[in-house]
Amino acid sequence: MTFDQALYEQIVRRNPAEPEFHQAVAEVLEAIQPALHRDPGLRDAAMLERLCEPERHLMFRVVWTGDDGRVHVNRGYRVEFSSALGPYKGGLRFHRDVTLGTVKFLAFEQIFKNALTGLGLGAGKGGSDFDPAGRSDAEIMRFCQSFMTELHRHIGPETDVPAGDIGVGSREIGYLFGQYKRLTNRYAAGTLTGKDPLLGGIPARPEATGYGTVYFLDAMLTAGGKDLDGRTAIVSGSGNVAFHAIAKLRALGANPVTCSDSGGFLHDPRGIDLDVLHELKVARRGRLSEYPDHVPSARYVPGGTPWEVPGTVALPCATQNELGEQDARTLVKNDLLAVAEGANMPCTPAALQVFREAGVALGPGKAANAGGVATSGLEMRQNAARERWSFERTDQALQEIMADIHTTCLATAEDHGAPGDYVTGAAIAGFRTVVAAMDAGGYI
Ligand SMILES: NC(=O)C1=CN([C@@H]2O[C@H](COP(=O)(O)OP(=O)(O)OC[C@H]3O[C@@H](n4cnc5c(N)ncnc54)[C@H](O)[C@@H]3O)[C@@H](O)[C@H]2O)C=CC1
Ligand SMILES: O=C(O)CCC(=O)C(=O)O
């Protein structure tokens, strides 16, 4: 590593047993080196130390009752990392593996991503080790109500604005919002984003992260004199981000041939059938392994990941560290041109190194998946103005924001001696924005 080892070691000591957070910090500290070399004053007043220390951690007990009358205890989290640019903003993740370290890494990523949107958003993230798999609607509702019974004290349109992430979609946001309203007696729609339009949600928020990732990928290919038309796309995940990425890839003429879940991956050489995927994963919340029952040309590979399937663009859209060094080597061997990270930190550091050495265009999550939180920012704007945006207006604004982020990343990378390096460009552009605000606000 080429960055300040003493600072990194201090962060590891202060945040023990949080490897994902350490990884996210290391990636940023390394990527911003060109900015620190050019302008050593960026380190003044313990700026880096402040940037890596959350403003506030919340951890709380969540007690709820199952349909069988059993009482369960989970842990809730909200890490309010940075309010330099606006209210804390970022999703909630409900997944059995969630720890404080997971939430902290996600909140840290959010600092730079949210800065890139230009919408005045601070950074936070939350969640719980609650496992929604197999739970009834009523159980999900009771869990959400109990979670919000504590969280409501800490959030609001000008304080902290949660949204969805893994395991949290518009159903969960609706239950959370309903409980917030009940506890506060305020219809403060801008307290949560990703709501159903009936509750003040903006159209196209469900689509925004996946669509935005494909818009970013398209911009990277165009910048390299290529396009998406006819390209075979390797996608992982089959949730919100993956589904809408697959839909937009198809709409733009690419052929997405894979998707995955925690049990394995699906390969459909004719292109993933959106109707079947929607029915299985969205309508029935069922298993991907049933897909070949409906489409005999497809195969489901238990235990595998999709990276062995040849394709020229890759979109990891499931979870962190899902694409390792060997996967990256296989993709490069199969003539990969570009990667767009729909998920947060899906590529391991060793995989990133393989892509860098092979000259693969790499859109980091901080930039490539920023369309989701950007559209949440638009939802906050819609709620504050008591407006109702159309799908077309929202999608148009999303396309413009993704184009701006792409231009900013490229220009910043070029300006710091790393032409075409989106990882460096995204980290430095986000960093410079947030540091300037911290400086201006005198947040010591
Ligand atoms: N929902 C949003 O607006 C945004 C989501 N993201 C990121 O995108 C990724 C996916 O999130 P969503 O689609 O919203 O969640 P989701 O809950 O809708 O879907 C998650 C998907 O990942 C798969 N998955 C989870 N753990 C896995 C594992 N260990 N191995 C393989 N597959 C696994 C699940 O089967 C599911 O298909 C996450 O990294 C999230 O942080 C990033 C920006 C915004
Ligand atoms: O829309 C939001 O605030 C959540 C987005 C999010 O969690 C993310 O960008 O990873």
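Counting from 1, the numbers follow the sequence of the chain as shown. The basis for the numbers below is simple: all heavy atoms, side chains too, and nothing from hydrogens, waters or symmetry mates. These figures come from a predicted structure and were not determined experimentally. Read the numbers this way: they start at 1 and go in the same order the structure lists the ligands and their atoms.
From Leu100, atom CG reaches atom NE2 of His57 across 5.0 Å, with rounding to the nearest 0.5 Å. Taking CD from Glu290 and CG from Leu266, the interatomic distance works out to 12.0 Å, rounded to the nearest 0.5 Å. Here Arg299 contributes atom CZ and Thr258 contributes atom OG1; the two are 10.5 Å apart, rounded to the nearest 0.5 Å. Between the CG atom of Leu228 and the CG atom of Leu252 there is a distance of 6.0 Å, given to the nearest 0.5 Å.
With salt bridges taken as basic N to acidic carboxylate O contacts below 4.0 Å, none links Lys125 and Asp160. A salt bridge links Glu387 and Arg393; the closest N-O separation between the charged side-chain nitrogens and carboxylate oxygens is under 4.0 Å. Between Asp196 and Arg171, none of the side-chain N atoms (NZ, or NE/NH1/NH2) sits under 4.0 Å from a carboxylate O, so this pair counts as no salt bridge. Taking 4.0 Å as the cut-off between side-chain N and carboxylate O, Arg50 and Glu53 do not count as a salt-bridged pair.
Every N/O-N/O distance between Gly372 and ligand 1 stays at or above 3.5 Å. Every N/O-N/O distance between Lys113 and ligand 1 stays at or above 3.5 Å. By the 3.5 Å distance cut-off applied to N or O atoms, Gly237 is not counted among the residues near ligand 1. Ligand 1 has a nitrogen or oxygen under 3.5 angstrom from a nitrogen or oxygen of Asn344. Residue Asn240 places at least one N or O, backbone or side chain, under 3.5 Å from an N or O of ligand 1. For a threshold of 3.5 Å applied to N or O pairs, the pair formed by Arg205 and ligand 1 contains at least one separation below that value.
At a heavy-atom cutoff of 4.0 Å, ligand 1 is contacted by the side chain of Thr209 but not by its backbone. In Glu109, neither the side chain nor the backbone holds a heavy atom less than 4.0 Å from any atom of ligand 1. Here Arg93 has side-chain heavy atoms under 4.0 Å from ligand 1, and that is the only part of it that gets that close. Within the 4.0 Å heavy-atom criterion, neither part of Ser236 lies near ligand 1.
Scanning the protein for heavy atoms near atom 5 (C) of ligand 1, the closest one is Val241 CG2, 3.5 Å. Here the protein heavy atom with the shortest distance to atom 11 (O) of ligand 1 is Ile166 CG1, 3.6 Å. Scanning all protein heavy atoms for the shortest distance to atom 37 (O) of ligand 1 gives Ser238 N, 2.8 Å. Of the protein's heavy atoms, Ser262 CA, 3.8 Å lies nearest to atom 30 (N) of ligand 1.
Atoms of ligand 1 found under 4.0 Å from any heavy atom of Ala343 (numbered from 1 in listed order, with element): 7 (C), 8 (O), 9 (C), 39 (O). Distances below 4.0 Å separate heavy atoms of Gly342 from the following atoms of ligand 1: 6 (N), 7 (C), 8 (O), 42 (C). Taking every heavy atom of Cys317 and a limit of under 4.0 angstrom, the matching atoms of ligand 1 come to 9 (C), 10 (C). Every atom of ligand 1 is numbered from 1 in the order shown, and the set under 4.0 Å from a heavy atom of Gly167 is 17 (O). The contact set between ligand 1 and Asn369, taken as ligand atoms under 4.0 Å from a residue heavy atom, comprises 42 (C), 43 (C). The distance from ligand 1 to the heavy atoms of Thr319 drops below 4.0 Å at these ligand atoms: 27 (C), 28 (C), 29 (N), 39 (O).
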Any protein N/O atoms within less than 3.5 Å of an N/O atom in ligand 2? List the atom names and distances, or say none.
residue  : atom   : partner : partner atom : Å
ligand 2 : 1 (O)  : Arg205  : NH2          : 2.9
ligand 2 : 1 (O)  : Ser376  : OG           : 2.5
ligand 2 : 3 (O)  : Lys89   : NZ           : 2.6
ligand 2 : 7 (O)  : Gly91   : N            : 3.0
ligand 2 : 7 (O)  : Lys125  : NZ           : 2.7
ligand 2 : 9 (O)  : Gln110  : NE2          : 2.8
ligand 2 : 9 (O)  : Lys113  : NZ           : 2.7
ligand 2 : 10 (O) : Gln110  : OE1          : 3.4
ligand 2 : 10 (O) : Lys113  : NZ           : 3.0
ligand 2 : 10 (O) : Lys125  : NZ           : 2.9
ligand 2 : 10 (O) : Asn344  : ND2          : 3.0

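The backbone N or O of Gly200 lies less than 3.5 Å from a partner atom in the side chain of Gln382, making a donor-acceptor pair. With Thr433 contributing its side chain and Ala115 its backbone, the two residues share no donor-acceptor pair below 3.5 Å. At distances below 3.5 Å, at least one donor-acceptor pair connects side-chain atoms of Glu379 with backbone N or O atoms of Ile202.
The closest approach between Gln320 and ligand 1 stays at or above 4.0 Å for every heavy atom of the residue.
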- Query: What do the steps show when you test Lys366 against Asn344 for side chain to side chain donor-acceptor pair (under 3.5 Å), and what is the final call?
  - Reply: CA-CA 8 Å; Lys366 292 178 191 67; Asn344 285 305; over 6 Å; no
- Kindly indicate, with the supporting measurements, whether the criterion side-chain contact (heavy atoms from CB on, under 4.5 Å) is fulfilled by Cys259 and Ile246. CA-CA 9 Å; Cys259 58; Ile246 289 170; 3.9 Å; yes
- Could you check Phe21 against Phe108 for ring pair (Phe, Tyr, Trp, His ring centres under 6.0 Å), going step by step and ending with a plain yes or no? CA-CA 8 Å; Phe21 179 55; Phe108 183 72; 5.8 Å; yes
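The option from Ser376, Ala318, Gly91, Gly239 that lies nearest to atom 24 (N) of ligand 1, judged by heavy atoms, is Ala318. With atom 31 (C) of ligand 1 as the reference point, the heavy atom nearest to it among Asp165, Asp261, Thr102 is part of Asp261.
The closest side-chain heavy-atom distance from Val98 to Arg75 is not below 4.5 Å.
Geometrically, Lys181 does not engage Tyr187 in a cation-pi contact, judged by NZ or CZ lying under 6.0 Å from the ring centre and within 45° of the ring axis.
Protein heavy atoms come within 4.0 Å of atom 44 (C) of ligand 1.
By the neighbour-count criterion of 12 heavy atoms within 6.0 Å, atom CZ of Arg381 is sparsely surrounded, having that number or fewer from other residues, nucleotides or ligands.
By the 30° and 60° cut-offs, the orientation of the rings of Tyr422 relative to His406 is tilted.
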